[in-house]
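Each residue takes its place number in the sequence, starting with 1.
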Amino acid sequence: QVEVAESGGGLVPSGGSLRLSCVASGFGLGNLDIGWFREIPGKEREGVSCISYTGKITNYGDFVGGRFTVSRDVEKSTVYLQMNNLEPEDTGTYYCAADVQFFESICMQGRRMQTYDYNNWGQGTQVTVSS
């Protein structure tokens, strides 16, 4: 059974940075597509970023605008989301999600990330950006 757990959220001023971590268990990252999503009050949960089980493909939501970078450490079974130049509009709960893959990744450049693509979700970590 795959489990993921996020950490690293907090309160930062506008323009600040945070690094979120997602630790996966049950399967190694070599067979897991990992997605980052966020939920902002009043809006649907939206895809922030993803990284394929091969580690070769990454994708970002249009609103990221080059501010965030997703990466992973296979030995630590951890995926990171480095968020720079944060804005108050980035305030919300950030979720890590995983899906087991063996042949084809659901993380593709230019493809909109969908919540229904992922079967295993963490509890979320709160990110608050003050103005």
Atom pair CD1 (I106) and SG (C50), whose distance is rounded to the nearest 0.5 Å: 7.5 Å
Minimum heavy-atom distance V127-G9, with the two atoms named: CG2-CA, 4.2 Å
Common cluster, F103/M108, ILVMFWY with side-chain heavy-atom separation under 4.5 Å: no
Donor-acceptor contact below 3.5 Å, side chain E6 vs main chain Q123: yes
Flag side-chain contact, heavy atom, 4.5 Å: L20 against M83: yes
T125 (side chain) donor-acceptor with Y94 (main chain) under 3.5 angstrom: no
Point-to-point distance, once rounded to the nearest 0.5 Å, from CG of N59 to CD1 of I51: 11.5 Å
Atom pair SG (C107) and CE (M113), whose distance is rounded to the nearest 0.5 Å: 7.0 Å
Atom of T91, atom of V129 and distance for their closest heavy-atom approach: OG1-N, 2.9 Å
Q101 to E104 - nearest heavy-atom pair and separation: OE1-O, 2.8 Å
Summary of ring pair (Phe, Tyr, Trp, His ring centres under 6.0 Å) pairs that have at least one residue in residues 41-86, sequence neighbours excluded: none
Listed partners of R38 passing salt bridge (Lys or Arg N to Asp or Glu O under 4.0 Å), at least two apart: E46, D90
side-chain contact (heavy atoms from CB on, under 4.5 Å) evaluation trace for I57 with Q109: CA-CA 7 Å; I57 302 171; Q109 288 187 349; 4.3 Å; yes
Which atom of R72 lies closest to which atom of V79, heavy atoms considered: CB-CG2, 3.9 Å
Atom CG of N119: over 12 foreign heavy atoms under 6.0 Å: yes
Flag side-chain contact, heavy atom, 4.5 Å: I34 against C96: yes
Stepwise side-chain contact (heavy atoms from CB on, under 4.5 Å) check, D117 with R111: CA-CA 12 Å; D117 283 333; R111 178 182 183 272; 2.7 Å; yes
Ring pair (Phe, Tyr, Trp, His ring centres under 6.0 Å) partners of residues 110-131, not counting sequence neighbours, each pair once: F37-Y118, F37-W121
Nearest-0.5 Å distance, CD of residue E89 to OG of residue S131: 9.0 Å
Partners meeting side-chain contact (heavy atoms from CB on, under 4.5 Å) with T93 (sequence neighbours left out): Y95, Q126
Pair listing, side-chain hydrogen bond (donor to acceptor under 3.5 Å, both in side chains) test, anchored in residues 9-37, at least two apart: S17-N84, D33-S105
Test side-chain contact (heavy atoms from CB on, under 4.5 Å) applied to V23 - qualifying residues, sequence neighbours left out: T78
Shortest non-hydrogen separation from G8 to L18 and the atoms involved: O-CD2, 3.7 Å
